[in-house]
Amino acid sequence: MSKSIMQKNKVCYICCRTSDLHCHHVFYGTSNRKQSEKYGFKVWLCAKHHNMSDIGVHFNRPLDLMLKRRCQELFERTHSREEFMRIIGKNYLEE
């Protein structure tokens, strides 16, 4: 598993919990999951913030978009917007 570009420590990205963590691919789906793995577009989330409650990223569009935007911002610190678009196919910073 490649390292996350979004965090260094294994804690929930949202609440900093250190147990019951799941690896969340920020850009998911068949193709984007592979790209997320390759480029480190992933974060650790506790079960509550991942998929075990209504506030989890898989059921909470604002949280999902926040993670996507933050990931794109971090990627674009060292890469171009064009490269991000080539990899993911969508610009989340102009939604």
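Of the options K42, K34, E37, Q35, a side-chain hydrogen bond (donor to acceptor under 3.5 Å, both in side chains) to H25 is made by E37 and by none of the others.
Under the side chain to side chain donor-acceptor pair (under 3.5 Å) criterion, T30 pairs with no residue, sequence neighbours left out. In terms of the side chain to side chain contact (heavy atoms under 4.5 Å, CB included) criterion, residue partners of S53 (sequence neighbours excluded) are, by chain and number, K48, I55. Every residue two or more places apart in sequence or in another chain that forms a side chain to side chain donor-acceptor pair (under 3.5 Å) with Q72 is listed here: E76, N91. In this structure, the side chain to side chain contact (heavy atoms under 4.5 Å, CB included) partners of D64, at least two apart in sequence or on a different chain, are Y28, V57, R61, K68. Residues satisfying the ring-ring contact (aromatic ring centres under 6.0 Å, His included) test with H49, not counting sequence neighbours, are none.
Aromatic ring centroids of Y39 and F84 lie 6.0 Å or more apart.
With hydrogens and angles ignored, the 3.5 Å screen pairs no side-chain donor or acceptor of R69 with any backbone N or O of L93. Proximity of a side-chain donor or acceptor of H50 to a complementary backbone N or O of C46 within less than 3.5 Å is not detected.
Shown here is M52, whose CE atom has no more than 12 heavy atoms of other residues, nucleotides or ligands within 6.0 Å.
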Which donor-acceptor pairs under 3.5 Å do the side chains of residues 7-14 make with protein atoms, sequence neighbours left out?
unit_1, atom_1, unit_2, atom_2, d
Q7, OE1, W44, N, 2.5
Q7, NE2, N9, O, 3.4
Q7, NE2, V11, O, 3.1

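Between I5 and L74, the shortest heavy-atom distance links the atoms O-CD1, 3.7 Å.
Note on ring orientation: taking the six-membered ring where Trp is involved, the planes of H24 and H58 are perpendicular (angle over 60°, cut-offs 30° and 60°).
When hydrophobic clusters are built by joining Ile, Leu, Val, Met, Phe, Trp and Tyr residues whose side-chain heavy atoms come closer than 4.5 Å, directly or via intermediates, L63 is not grouped with F59.
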